[in-house]
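Worksheet: one structure, shown below.
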Amino acid sequence: MALLSSDSRSSLPRSPSAPHAKLGRVRVMFAAYLVVIAAGLGVYITIGLLHR
Amino acid sequence: VRFVRENSLSLCFGVLFLAAAAGQSIAGHAAFNAEQTAHGESPVTYVRYLFSSQFGQALLENWQSEYLQFALFIAATIWLVQRGSNESKPPEQAGRESERRQRLGPHSGPTSPRFARFHGGLRRTLYSNSLLLVMLTIFLLSWFGQSVTGWTEFNEEQRQHDQPTVSWTGFVANPTFWEQTLQNWQSEFLAVGSLAVFTIYLRQRGSPESKPVGAAHDETGSSG
């Protein structure tokens, strides 16, 4: 799969050997990245606005 | 162990990010205090530096350009193509593609995300563009963060030199802000363009960022 462009073969049916395994704790990674980004933005936007 | 194996890519980059940001803060703190001493001012603690506009500005100025790069690339690759590049769709697929190809509404399957199964509506539209919307939002917030922390820094410098301070709008119209912004943008655009062009002729065995080693140069977007 290319860096960002959509997978050109994404419309093909998935092979039975690649089942839709439950993502489970993968969502923890998704949440962790969002939390770190939101924290960074929140902290430094606030600092920039307060300390002017 | 299974969690680490299944998330190794995001874990690796998460750890690299934290290590690099920590390194930046330690080096930045040392440089800041050296400057303070040179100007006859008292040094600041590490924690004070961590919550300073100077560190925030240095951090967010790089964040905004990275998220702009990805947001722009996500949007541009919907319509723009590069024949032979692994980062591009084949030219005949340029555009937003059919509902069938995008597995929307009646073409969705039992495992499709809930909003993709809708036959239209705002929620489906938002979900259909959610990746771009989130990247764009992070870009805009980082850029705004860069502007307000940079503004604080700029006015601090002005005060030290007995110069008049400026408003936020004055700062975003100032060459200082645009120099800080564009020096980051130029490198991102060059890197993205290079990747798009280099993947036509160059290969990395095993990487999804590359076409298979034996793929023809004129194959477009053929990695799997």
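We name chains A, B, ... by the order of the sequence lines, and we start the count at 1 in each one.
- When heavy atoms are compared at a cutoff of 4.5 Å, Ser52(B) approaches chain A solely by way of its backbone atoms N, CA, C and O.
- Contacts of Val26(A) with chain B are made by both backbone and side-chain atoms, with heavy-atom separations under 4.5 Å.
- Considering only heavy-atom pairs separated by less than 4.5 Å from chain A, the leading option among Phe13(B), Phe144(B), Phe3(B) is Phe3(B).
- Using a 4.5 Å heavy-atom threshold, the side chains of Ser142(B) and Leu41(A) count as touching.
- Judged by distance alone, with hydrogens and angles left aside, the side-chain atoms of Tyr44(A) form no donor-acceptor pair with the main-chain N or O of Phe55(B) at under 3.5 Å.
- In this structure, Phe115(B) places its CZ atom where more than 12 heavy-atom neighbours from other residues, nucleotides or ligands lie under 6.0 Å away.
- For Leu141(B), the parts sitting under 4.5 Å from any heavy atom of chain A are the backbone and the side chain alike.
- One finds the CZ atom of Arg2(B) at 8.5 Å from the CZ atom of Arg25(A) (value rounded to the nearest 0.5 Å).
- Of the atoms belonging to Trp168(B), not a single heavy atom falls under 4.5 Å from chain A.
- Ile47(A) CD1 to Leu50(B) CG: the interatomic distance, rounded to the nearest 0.5 Å, is 8.5 Å.
- Minimum heavy-atom separation, Ile45(A) to Gly145(B): CG1-CA, 3.6 Å.
- Heavy-atom pairs under 4.5 Å with chain A were tallied for Ala196(B), Ser53(B), Ser10(B); the largest tally goes to Ser10(B).
- Contact annotation for Tyr33(A): only side-chain heavy atoms (C-beta onward) come within less than 4.5 Å of a heavy atom of chain B.
- If you measure heavy-atom distances from Leu11(B) to chain A, the contacts under 4.5 Å come from both the backbone and the side chain.
- What you find for Val36(A) and Trp63(B) is that their closest heavy atoms are O-CH2, 4.1 Å.
- Only the side chain of Phe17(B) comes within contact range of chain A, judged by heavy atoms closer than 4.5 Å.
- The choice from Phe51(B), Tyr67(B), Phe154(B) that makes the most heavy-atom pairs within less than 4.5 Å of chain A is Phe51(B).
- Within a 6.0 Å sphere centred on CZ of Phe189(B), heavy atoms belonging to other residues, nucleotides or ligands number more than 12.
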